[in-house]
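Proteins come first, then strands; the chains are lettered A, B, ... in the order of their sequence lines, and each starts at number 1.
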Amino acid sequence: MKFGILVQEGPYNHQASDSAYNFIQAALEKGHEITGVFFYNDGVINTTKLMDIPADDRHISKRWSDLGAKGIQLIVCVAAAKRRGINPDVLIENARIDGLGQLSELCIESDRLITFGD
Amino acid sequence: MLHIVNKSPFKYRNLDTCVRVSEKEDPIILIEDGVYAALKGSSIEGLMKKTLEDHPVFAIRADLKARGIDEVLDGIEVCDYSCFVDMVEKHIPYSWL
């Protein structure tokens with residue numbers, strides 16, 4: 001089945017990003033397809049490569065980037081990103097900044113859209 | 001429809017509202033702080049017991065463990081992310097954010 005994922009909260013201060021990631025891993029293990037991950041509102045903060053994380057903690061933005069390297073599209077809302085200082089200079093590899101219309105596309109392409117937020 | 005509840009019932013009314021408007025037999029999955037609803041002997045035990053009469057209720061194992069909840073109310077099924085995925089496959093999900 002095709003799953004689209006919407007992440008609306010930033011990393012480390014809320015569990016949404018971790019829950020979304022765990023859900024995606026479980027879905028991939030079961031052979032499902034992830035059509036894409038859309039980062040909206042504070043969720044865009046997941047996609048900055050400026051994160052400097054202690055070695056004993058999970059590196060959330062790297063984790064997303066690695067997922068993107070597997071071919072899963074990571075879409076960052078342009079309006080939300082602009083407001084939070086996320087621009088192409090600080091964006092992680094394998095993600096792209098795009099419009100809200102891409103969220104509609106994700107909904108159309110997917111059998112399910114699962115929202116993780118606060 | 002699959003109802004995903006991620007809020008503590010001791011702080012928010014999401015679970016309460018979810019139970020009120022959901023259809024009989026709709027499954028409810030407790031994730032993140034939502035798993036506090038699975039606590040034994042709490043002030044919402046009555047609501048949960050009533051909920052369990054009409055709905056299958058699940059709680060994510062890792063989220064229970066992260067919050068030190070070893071024992072859950074009878075009838076609540078402890079499950080991992082793999083069963084969460086299965087349920088989303090079976091039902092249209094709705095997140096009670």
Side-chain angles (χ1 to χ4, degrees), chain A residues 1-44 46 56-58 60 63-64 67 70 72 77 80 103 106-118, chain B residues 1-18 21-23 26-39 57-69 76-97:
Chain A
M1 189 173 259
K2 293 180 177 181
F3 294 134
I5 308 288
L6 174 60
V7 178
Q8 293 183 327
E9 276 297 318
Y12 301 107
N13 70 331
H14 194 278
Q15 209 187 326
S17 172
D18 295 292
S19 296
Y21 183 80
N22 290 335
F23 182 91
I24 291 168
Q25 289 299 337
L28 290 174
E29 272 170 35
K30 286 183 158 279
H32 294 294
E33 183 188 337
I34 304 296
T35 45
V37 185
F38 192 91
F39 297 94
Y40 195 35
N41 296 342
D42 275 359
V44 301
N46 280 281
D56 60 350
D57 196 2
R58 68 221 188 280
I60 290 184
R63 213 164 60 169
W64 286 120
L67 206 62
K70 288 185 184 172
I72 294 170
C77 172
L103 177 58
L106 205 60
C107 295
I108 294 164
E109 283 170 30
S110 312
D111 300 305
R112 300 278 188 271
L113 182 86
I114 308 106
T115 307
F116 293 93
D118 190 18
Chain B
M1 178 173 274
L2 169 69
H3 301 268
I4 304 169
V5 178
N6 77 334
K7 296 272 184 296
S8 164
F10 305 109
K11 205 173 168 188
Y12 299 92
R13 312 229 6 123
N14 300 47
L15 178 66
D16 196 52
T17 315
C18 161
V21 304
S22 55
E23 283 181 32
D26 275 358
I28 299 170
I29 185 162
L30 307 170
I31 72 166
E32 300 170 1
D33 279 353
V35 299
Y36 283 118
L39 271 176
V57 181
F58 302 82
I60 299 268
R61 189 188 318 275
D63 290 341
L64 287 165
K65 191 162 182 255
R67 289 157 182 83
I69 305 170
I76 292 181
E77 197 174 316
V78 177
C79 74
D80 48 27
Y81 278 93
S82 145
C83 114
F84 185 7
V85 171
D86 290 343
M87 281 198 288
V88 174
E89 189 181 0
K90 253 180 256 167
H91 310 269
I92 303 280
Y94 179 76
S95 297
W96 283 85
L97 302 180

Give the C-alpha distance, both sets of side-chain angles, the deciding distance and a yes or no for side chain to side chain contact (heavy atoms under 4.5 Å, CB included) between B:Val85 and A:Phe3. CA-CA 10 Å; B:Val85 171; A:Phe3 294 134; 3.8 Å; yes
What's the separation between atom CZ in A:Phe23 and atom CD1 in B:Ile4, rounded to the nearest 0.5 Å? 7.0 Å
Report every donor-acceptor pair between chain A and chain B with a separation under 3.5 Å, backbone and side chains included.
unit_1, atom_1, unit_2, atom_2, d
A:Gln15, OE1, B:Arg67, NH2, 2.7
A:Gln15, NE2, B:Asp63, OD1, 2.7
A:Ser19, OG, B:Glu32, OE2, 2.5
A:Lys30, NZ, B:Asp86, OD1, 2.9
A:Lys30, NZ, B:Asp86, OD2, 3.3
A:Arg112, NE, B:Val88, O, 2.6
A:Arg112, NE, B:His91, O, 3.0
A:Arg112, NH2, B:Glu89, O, 2.8
A:Thr115, O, B:Ser95, OG, 2.8
A:Gly117, O, B:Asn6, ND2, 2.9
A:Asp118, OD1, B:Lys7, NZ, 3.2

